[in-house]
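Below is one structure, written out as structure tokens, with a few remarks after it.
Only a predicted model underlies this, so the values are computations on that prediction, with no experimental measurement involved.
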Amino acid sequence: MSKSTISRRGVLKSGAVAGAGLALPTIFTASSAAAYTNAPGGSTVTLGFNVPQTGPYADEGADELRAYELAVEHLNGGGDGGMMNTFSSNALQGNGILGRKVEFVTGDTQTKSDAARASAKSMIEKDGAVMITGGSSSGVAIAVQGLCQEAGVIFMAGLTHSNDTTGKDKKANGFRHFFNGYMSGAALAPVLEKMYGKDRTAYHLTADYTWGWTQEESIAASTEALGWNTVNKVRTPLAATDFSSYIAPVLNSGADVLVLNHYGGNMVNSLTNAVQFGLRDKQVNGKNFEIVVPLYSRLMARGAGENVKGIFGSTNWHWSLTDAGSQAFVKSFGTKYGFPPSQAAHTVYCQTLLYADACQRAGSHNPCAVAEALEGFEFDGLGNGKTLYRAEDHQCFKDVLVVKGKENPTSEFDLLEIVEVTPAAQVTYAADHPMFAGGQLGSCNPGA
């Protein structure tokens with residue numbers, strides 16, 4: 001059953017009627033151009049790229065902006081076309097979106113929800129953005145997703161890993177390509193069991209906001225299902241830069257595994273502190289002490305340097321993948337910027353192409369038509385193998401990578417090695433799974 005106010009069949013039917021010169025549904029007539037928020041009326045369409053340009057996730061934000069600019073270049077027919085050449089859909093022609101040249105505006109979320117909402121609001125109200133995308137914090141993503149639902153524009157989430165984004169806080173106008181905490185736990189646990197066994201005691205340090213909470217819950221559930229004991233869960237402020245006071249108690253806790261539910265600069269600092277305290281050189285309970293970083297990125301690995309060697313985690317995508325789509329993206333990005341892209345760059349590039357493609361297939365920028373085109377959409381050629389945008393919660397399901405800090409890197413970019421590509425089926429869960437319960441997708445809001 002359709003959740004939006006119009007159906008794809010309705011869109012196609014509208015096009016046929018227009019060709020016959022008959023009466024059009026209200027939302028597609030020229031006289032009702034404002035029937036949805038920021039309906040483009042000229043030769044251009046504006047997208048809003050809202051990323052952290054300052055704050056602990058600024059490195060990810062910088063790479064996201066690079067990827068967004070590359071996506072716009074490709075959509076407008078520039079460069080080598082990147083993953084438009086490998087995308088299983090052939091709706092994009094390199095002439096913008098629906099024949100309109102793609103332009104963009106940018107904002108700085110500062111990794112703060114209030115700042116991110118203010119920035120997105122300005123892009124919608126002052127710049128006429130018809131779609132907002134970006135973010136490197138789940139708190140920010142959830143806040144901006146709610147704003148876009150209220151405003152009647154599509155939100156194509158960037159880097160957000162909290163279960164809540166497509167769980168209790170999911171919205172009909174919001175879509176996530178990135179994976180989530182549950183998927184990290186489902187992919188990581190079998191590898192951790194193989195490497196460290198079933199008899200382990202874990203201590204969690206967790207960023208104190210929605211992402212940290214749900215990742216902690218997911219990893220603890222997955223490892224406890226193996227037989228691991230969770231001895232403590234300690235929350236740390238997102239703004240923290242020195243984790244020494246949080247590391248010291250781990251030494252006397254009886255734990256033999258430290259799980260760092262930290263990301264970006266937080267992870268770089270907490271891992272560095274843990275290594276400085278000698279945790280990696282200790283034996284506890286007759287076992288080597290181990291550290292796990294459930295959510296990894298190459299940018300974090302670079303920041304943490306040699307401290308990441310041998311440490312396991314999961315990632316949404318990695319530039320060393322050999323499928324045609326991944327290599328096309330790596331080539332385009334590397335040619336333009338001189339180094340390989342991060343997972344943050346990959347997911348926002350994909351989101352931009354997926355939005356544009358949905359508009360093309362729907363024949364409209366109307367958010368409800370775009371939502372219809374994305375719901376249940378299956379595609380390939382964008383890395384990670386075949387992917388489904390599930391209609392029930394707007395979450396993408398695709399293969400998840402388990403990675404390890406490389407022992408002998410050959411360059412500053414060759415820091416992680418893929419140890420397992422976990423099939424999508426192994427990380428897929430029911431739409432009503434308890435970790436994702438408590439909210440309703442609701443109905444698409446076209447805005448004006």
Side-chain angles (χ1 to χ4, degrees), residues 8 11-12 14-15 28 36 38-40 42-49 64-105 129-134 153-158 175-178 317 323-336 341 345-389 394 396 398:
R8 188 182 308 175
V11 172
L12 297 174
S14 300
F28 293 115
Y36 59 92
N38 294 335
S43 60
T44 64
V45 59
T46 302
L47 309 182
F49 300 153
E64 288 179 332
L65 271 187
R66 295 183 189 105
Y68 280 133
E69 292 181 16
L70 185 63
V72 169
E73 180 180 328
H74 291 166
L75 289 172
N76 287 331
D80 62 9
M83 284 198 282
M84 282 175 51
N85 299 315
T86 60
F87 191 13
S88 57
S89 174
N90 58 7
L92 297 171
Q93 301 300 313
N95 60 346
I97 305 175
L98 296 173
R100 294 185 174 91
K101 182 180 179 181
V102 180
E103 297 184 340
F104 65 91
V105 292
V130 70
M131 181 272 276
I132 300 295
T133 179
V153 300
I154 290 290
F155 176 62
M156 300 294 280
F175 292 84
R176 171 161 65 176
H177 173 268
F178 206 66
W317 177 86
D323 63 279
S326 295
Q327 289 306 292
F329 181 53
V330 171
K331 180 182 178 183
S332 291
F333 192 96
T335 299
K336 188 175 181 67
H346 170 257
T347 203
V348 303
Y349 178 94
C350 290
Q351 285 284 65
T352 308
L353 260 57
L354 286 164
Y355 170 79
D357 175 77
C359 292
Q360 290 286 142
R361 290 185 290 109
S364 173
H365 287 284
N366 186 305
C368 296
V370 174
E372 282 278 347
L374 287 169
E375 288 178 337
F377 180 51
E378 293 181 281
F379 58 91
D380 204 348
L382 299 185
N384 299 83
K386 292 182 180 179
T387 302
L388 167 68
Y389 238 131
H394 296 183
C396 269
K398 55 189 182 300

Closest heavy-atom contact between [X] and [Y]?
{"X": "A358", "Y": "A373", "value": "O-CB, 3.6 Å"}
{"X": "F155", "Y": "G134", "value": "CZ-O, 3.9 Å"}
{"X": "P367", "Y": "Y36", "value": "CD-CD1, 3.7 Å"}
{"X": "G381", "Y": "T86", "value": "O-OG1, 2.6 Å"}
{"X": "G48", "Y": "A129", "value": "N-CB, 3.9 Å"}

Below 4.5 Å, heavy atoms only, C-beta onward: do V153 and M131 meet side chain to side chain?
no

Is there a side chain to side chain contact (heavy atoms under 4.5 Å, CB included) between H394 and R176 once you walk through the steps?
CA-CA 6 Å; H394 296 183; R176 171 161 65 176; over 6 Å; no

Enter the distance from [X]:[atom1] to [Y]:[atom2] here, rounded to the nearest 0.5 Å.
{"X": "C368", "Y": "I154", "atom1": "SG", "atom2": "CD1", "answer": "7.5 Å"}
{"X": "E69", "Y": "H74", "atom1": "CD", "atom2": "NE2", "answer": "12.0 Å"}
{"X": "F87", "Y": "C350", "atom1": "CZ", "atom2": "SG", "answer": "8.5 Å"}
{"X": "T44", "Y": "E103", "atom1": "OG1", "atom2": "CD", "answer": "4.0 Å"}
{"X": "L70", "Y": "F333", "atom1": "CG", "atom2": "CZ", "answer": "7.5 Å"}
{"X": "F175", "Y": "E375", "atom1": "CZ", "atom2": "CD", "answer": "5.0 Å"}

How are the rings of F104 and F49 set to each other: parallel, tilted or perpendicular (split at 30° and 60°)?
parallel

Mind telling me whether H177 and F379 have parallel, tilted or perpendicular rings, with 30° and 60° as the class edges?
parallel

Result of checking V45, N366, V370 against C359 for side chain to side chain contact (heavy atoms under 4.5 Å, CB included)
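The single option meeting the side chain to side chain contact (heavy atoms under 4.5 Å, CB included) with C359 is V370.
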
side-chain hydrogen bond (donor to acceptor under 3.5 Å, both in side chains) for T347 and W317? Distances and angles first, verdict last.
CA-CA 8 Å; T347 203; W317 177 86; over 6 Å; no

For the pair [X] (side chain) and [Y] (backbone), establish whether a donor and an acceptor sit closer than 3.5 Å, ignoring hydrogens and angles.
{"X": "D80", "Y": "N85", "result": "no"}
{"X": "Q351", "Y": "A157", "result": "yes"}
{"X": "N76", "Y": "V102", "result": "yes"}
{"X": "S326", "Y": "A324", "result": "no"}
{"X": "S332", "Y": "F329", "result": "no"}

If the condition is ring pair (Phe, Tyr, Trp, His ring centres under 6.0 Å), which residues does H365 pass it with, not counting sequence neighbours?
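Applying ring pair (Phe, Tyr, Trp, His ring centres under 6.0 Å) to H365 gives none.
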
Quick one: list whatever passes ring pair (Phe, Tyr, Trp, His ring centres under 6.0 Å) with Y355, sequence neighbours left out.
none

Report the C-alpha distance between L382 and L354 in whole Å, list the side-chain angles of each, state the deciding distance to 0.1 Å, and finish with yes or no for side chain to side chain contact (heavy atoms under 4.5 Å, CB included).
CA-CA 10 Å; L382 299 185; L354 286 164; 4.1 Å; yes

Applying side chain to side chain contact (heavy atoms under 4.5 Å, CB included), can you list everything that pairs with V348, at least two apart in sequence or on another chain?
E64, A67, Y68

Qualifying residues under side chain to side chain contact (heavy atoms under 4.5 Å, CB included), relative to V105, sequence neighbours excluded:
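Testing V105 for side chain to side chain contact (heavy atoms under 4.5 Å, CB included), a comparison that skips the adjacent residues, returns T46, M123, D127.
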
So, using salt bridge (Lys or Arg N to Asp or Glu O under 4.0 Å) as the criterion, who are the partners of E73 when residues are at least two apart?
K336

Could you give me the CA-CA distance, side-chain angles and deciding distance for V130 and L47, then say whether side chain to side chain contact (heavy atoms under 4.5 Å, CB included) is met?
CA-CA 6 Å; V130 70; L47 309 182; 4.1 Å; yes

Could you tabulate the donor-acceptor pairs under 3.5 Å formed by side-chain atoms of residues 88-95, not counting sequence neighbours?
unit_1	atom_1	unit_2	atom_2	d
S88	OG	D380	N	2.9
S88	OG	D380	O	3.3
S89	OG	A91	N	3.3
S89	OG	D357	OD1	2.4
Q93	NE2	N90	O	2.8

Run the side chain to side chain contact (heavy atoms under 4.5 Å, CB included) check on L98 and Q360 step by step: do they pass?
CA-CA 6 Å; L98 296 173; Q360 290 286 142; 4.1 Å; yes

